[in-house]
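Each remark here refers to the structure printed beneath this line.
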Protein chains: 2
Amino acid sequence: MSLHAQRRGAPSQPLILNAFSMNSVGHINHGLWTHPRDTSAQYNTLAYWQDLARELERGLFDGLFLADIVGVYDTYQQSAEVTLRESIQLPINDPTLVVPAMAAVTQHLGFGVTVNLSYEQPYLLARRFSTLDHLTQGRIGWNVVTGYLDSAARAMGQVQQLAHDARYDRADEFMEVVYKLWEGSWQEGAVVRDRQARVFARPDLVRPVRHHGQYFQVEGYHLSEPSVQRTPILFQAGSSGRGLRFAARHAECVFMSVQDKAATAALVRELRQEVVRAGRRPEDVKVLVGLTPVVAATERQAQEKYQEYCRYASAEAGLAHIAATAGVDFAQFQRDTPLLAQHKSNGIENSIKRLANGRENYTLGDLLDELALGGRYETVVGSPAQIVDAMQSWVDEAGVDGFNIARTVVPESYTDFIDLVVPELQNRGLHKTAYAQGSLRHKLFGQGDYLQRPHVAARCRCSQPLSAEAAAAA
Amino acid sequence: MSLHAQRRGAPSQPLILNAFSMNSVGHINHGLWTHPRDTSAQYNTLAYWQDLARELERGLFDGLFLADIVGVYDTYQQSAEVTLRESIQLPINDPTLVVPAMAAVTQHLGFGVTVNLSYEQPYLLARRFSTLDHLTQGRIGWNVVTGYLDSAARAMGQVQQLAHDARYDRADEFMEVVYKLWEGSWQEGAVVRDRQARVFARPDLVRPVRHHGQYFQVEGYHLSEPSVQRTPILFQAGSSGRGLRFAARHAECVFMSVQDKAATAALVRELRQEVVRAGRRPEDVKVLVGLTPVVAATERQAQEKYQEYCRYASAEAGLAHIAATAGVDFAQFQRDTPLLAQHKSNGIENSIKRLANGRENYTLGDLLDELALGGRYETVVGSPAQIVDAMQSWVDEAGVDGFNIARTVVPESYTDFIDLVVPELQNRGLHKTAYAQGSLRHKLFGQGDYLQRPHVAARCRCSQPLSAEAAAAA
């Protein structure tokens, strides 16, 4: 029985449901900020985020997954003009800072926050995530990314970013450092808060980390006492060979932004094989895919809503976004240009092959048609039953565990989903009817608050008190 | 008329009042976490910070000033043992992350957040402060510090920190970069949010920063659109020659942690002279000092409260804190050791001279006596009128503009101050009776939301649209 087949035909169990958003105006479905009812231009206010968090908790969402990008999309027309006009992930505010305000008005909603580790100090980033885990009482996740934009590298004073594989080597070592800080510096029982005995923390149970590696030299105590989860729940989104190995080693949830079920199924299989190769069980990693549902009470009403949304969406903005991720300036082509015939040998071939997905005569016009709603995530338009059928087919055919639900018109696309799709999911046993207790990790995996062996982080946890000599030398 | 004399005898005007705290258990007055009514061990919860913020806004405090330290106090006994037992600023969580939750439950309270720029990327830190300024709607301040602990440098992979003056040279350039990002990347009027015209931002009014300096190479658009204040209001706490010049060039509020009025008066004069030398007006910089008030309805009750607090405070913890800042392991001395006679030539002489402040036979016992409340800020014990008299004398004799009020037992020391001292301050015209409208900068200086010329940041603001060629080249 293949790893994938093990998952097919399993009895219904709750999916993982995250809302997918970004601390910016445009995220995936571009141009919809111009819709009269869209509030995404208020992304820079606390009320926007607190209202969203309350709404998602009403819908028993597992979490809010916040993307981030450091750098600017300036490939299309070799400028940032469309990016600025349509607000394509620019401006983009820091995603970590909206979490505490949302945590204050919710009890259970989790938060998956994207932070690119390429330009961070592990010692300081470890403290930021520990602080978030404290303040959310164990509801924080980190979507670990290494970035891909040269514009980001230039903003950080580098001529260009590290080569792809070296980025992941450095990222592996970065993770090793933060695991040592989160898991290895403060032992269980170190913090006693004993007023009578005047002992806040036991010095014999706290030790400095001493890491001397290829990319990082870190000596010091972790600045934060242990938080509910210690290591935040780890998300990852890499799907290349090296990225997949990184995910298999570190991630607890992997987000795949592939549009095709068969391609996703193959990637899920490959990931689970890598997970096993990394010494973990296949079920130690949950797989999520992106989905853009447009739902109404009936299919016809949903189609009308979709058509109405499309009038405000911008396919060109979607194209400008894809241009940057694919590294292709699509502004150089005409609508009827067959993309695969172009530039066979100038390095953009693979990007275009991915977009064309086997279609030989794939033109720029075809791509623009796919971007009718401003983005290229699978868009499902229909009644609640049709939406849930589509979700079920992703589970059955691609072997995924859940979804990052992209926004269209904010907040109504989430409100519609909660009012219409959530009850249908619950009827079919695909969505919980109440939150479980405990940390985000415990809610998702049911095995306690901490990462468990054989995950490499768990191996960094210390269980021996310092010897007297070690304490003296510490 | 001297710069200082100009300030004396001026008619009463409201003082600047900040509460002084830290995202940690022990801050200035150590050991009081053991007091039965103290809640500082709940520093890692949102409720602790939101309750504090509401309370401070009730008292019309201008702001909450949050200290921070990256690194660990391990000079005393050459270990971190007392630091851990008494929780002397360890654990210490990230201070920026508690601000959004506090901003959500207040309307006017400002926030001054300490961030050490030595280990930050200017491109990313600029976005974090812009995000905070957006979310607080113009209530954020940055206390710019460069750090002084070698333990921090080791945690960041450096053998030791940069030399003192080089730290400030690098800091000057860091500030130049963030000014360019905050003030120079997005011009006034760039963000139009015009749904009809499909223009979120005007490309001709947004330009990338191009900075090529000695310490930083930064090319890129600022990631955040302009916030209410653009540049956060700038605090600084340096009091050395180079630190004073840095403050005179950049700071809008300078926090002096000197215990002696005459020494403070001299430093205030020196600062204002440097401010003028930097091309600014003396009143462009406000000076704050730290103060620990212990107040009750009568002097006698206040003395009783003080005695009760002292029973829980830890002079040894205060000593361990000072040991790290002074670079002297006081554990090597006896109570009756005259400190000045020790180690005339081993580099600790200046630190001890500062502590002794002219007293020839100053012993370790004298120092411990000054640390009766666990810290060395001026402690004023008395009735509301006595506290206000003491504050008034700081204004009259040292020429300061306001105070950072240190905490003792939390939250009651703030509640006492608000219930007892604030009305007395208001009676004497030394405290506002309602908040002014506008940003934190406008509230403090009354001249709009932005930094004004001749401050160097204002000179980074652009007022010319990009030419067509420049836009094409951008």
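From a predicted model like this one, the values you see are computed outputs, not experimental measurements. Note on naming: letters A, B, ... go to the chains in the order of the sequence lines (proteins, then strands), and numbering restarts at 1 for each one.
Residue contact with chain A, scored on non-hydrogen atoms closer than 4.5 Å, is absent for B:Ala152. Residue contact with chain B, scored on non-hydrogen atoms closer than 4.5 Å, involves the side chain of A:Asp68 exclusively. With a 4.5 Å cut-off on non-hydrogen atoms, A:His211 does not touch chain B at all. Contacts of A:His222 with chain B are made by backbone atoms alone, with heavy-atom separations under 4.5 Å and no side-chain atom involved. Interface remark: B:Gln89 contributes no atoms to any contact with chain A (heavy atom separation under 4.5 Å). There is no contact between A:Leu181 and chain B, counting heavy-atom distances below 4.5 Å. Within the 4.5 angstrom heavy-atom criterion, atoms from both the backbone and the side chain of B:Val70 approach chain A. Looking at B:Val209, there are no atoms closer than 4.5 Å to chain A (heavy atoms on both sides), in backbone or side chain. B:Ser151 touches chain A through its backbone: at least one of N, CA, C or O sits under 4.5 Å from a heavy atom, while the side chain does not. Looking at B:Gln121, the atoms closer than 4.5 Å to chain A (heavy atoms on both sides) all sit in the side chain, from C-beta outward. Both the backbone and the side chain of A:Ser314 come within contact range of chain B, judged by heavy atoms closer than 4.5 Å.
Here the side chain of A:Thr136 pairs a donor or acceptor atom with the backbone of A:Leu132 at under 3.5 angstrom. Under a 3.5 Å cut-off, the side chain of B:Thr39 and the backbone N or O of B:Val410 do form a donor-acceptor pair.
Of the listed residues A:Asn23, A:Ile69, A:Val82, A:Asp38, the one with more heavy-atom pairs under 4.5 angstrom with chain B than any other is A:Asp38. Across B:Ala317, B:Ala41, B:Ser130, the residue that shares the most heavy-atom pairs under 4.5 angstrom with chain A is B:Ala41. For the options A:Ala201, A:Ala101, A:Gly220, heavy-atom pairs under 4.5 Å to chain B are most numerous at A:Ala201. With chain A as the partner, the residue from B:Val199, B:Val218, B:Leu135 showing the most heavy-atom pairs under 4.5 Å is B:Leu135. Between chain B and the residues A:Arg198, A:Met102, A:Arg85, A:Arg128, the largest count of heavy-atom pairs under 4.5 Å involves A:Arg198. If you tally non-hydrogen atom pairs under 4.5 Å between each of A:Ala47, A:Ser24, A:Ala104, A:Pro122 and chain B, the highest count goes to A:Ala104. Of the listed residues (A:His35, A:Gln50, A:Glu86), the greatest number of heavy-atom pairs within a distance under 4.5 Å of chain B belongs to A:Glu86. With chain B as partner, the option from A:Ser224, A:Ser227, A:Ala103 having the largest number of non-hydrogen pairs under 4.5 angstrom is A:Ser224.
Within the 4.5 Å cutoff, side-chain heavy atoms of B:Tyr123 are placed close to those of B:Leu223. B:Arg170 is listed as a side-chain neighbour of B:Phe216, based on a closest heavy-atom distance under 4.5 Å. Contact annotation: the side chain of B:Pro91 approaches that of A:Trp186 to within less than 4.5 Å [non-hydrogen atoms, C-beta and beyond]. B:Leu84 is listed as a side-chain neighbour of B:Leu90, based on a closest heavy-atom distance under 4.5 Å. Taking the side chain as every heavy atom from C-beta outward, B:Leu117 and B:Val178 never approach each other to under 4.5 Å. No side-chain heavy atom of B:Glu120 sits less than 4.5 Å from a side-chain heavy atom of B:Asn116. For the pair B:Val115/B:Phe129, a side-chain contact is recorded, criterion being any heavy-atom separation below 4.5 Å from C-beta on.
Annotation for B:Val72 and B:Ala80: closest pair CG1-CB, 4.0 Å, computed over non-hydrogen atoms.
Residues of residues 190-197 of chain B that come within less than 4.5 angstrom of chain A, heavy atom to heavy atom, are B:Arg193, B:Asp194, B:Arg195 in numerical order.
A 6.0 Å sphere centred on CD of A:Gln217 holds more than 12 heavy atoms belonging to other residues, nucleotides or ligands.
Ring planes of A:Phe200 and B:Trp33: perpendicular class, angle over 60° (limits at 30 and 60°).
Remark: A:Glu219 engages A:Arg210 in a salt bridge (Lys or Arg N to Asp or Glu O under 4.0 Å) (not counting sequence neighbours).
A distance of 9.5 Å separates CZ of A:Arg207 from CG of A:Asp204, quoted to the nearest 0.5 Å.
No side-chain donor-acceptor contact under 3.5 Å links A:Gln107 and A:Arg139.
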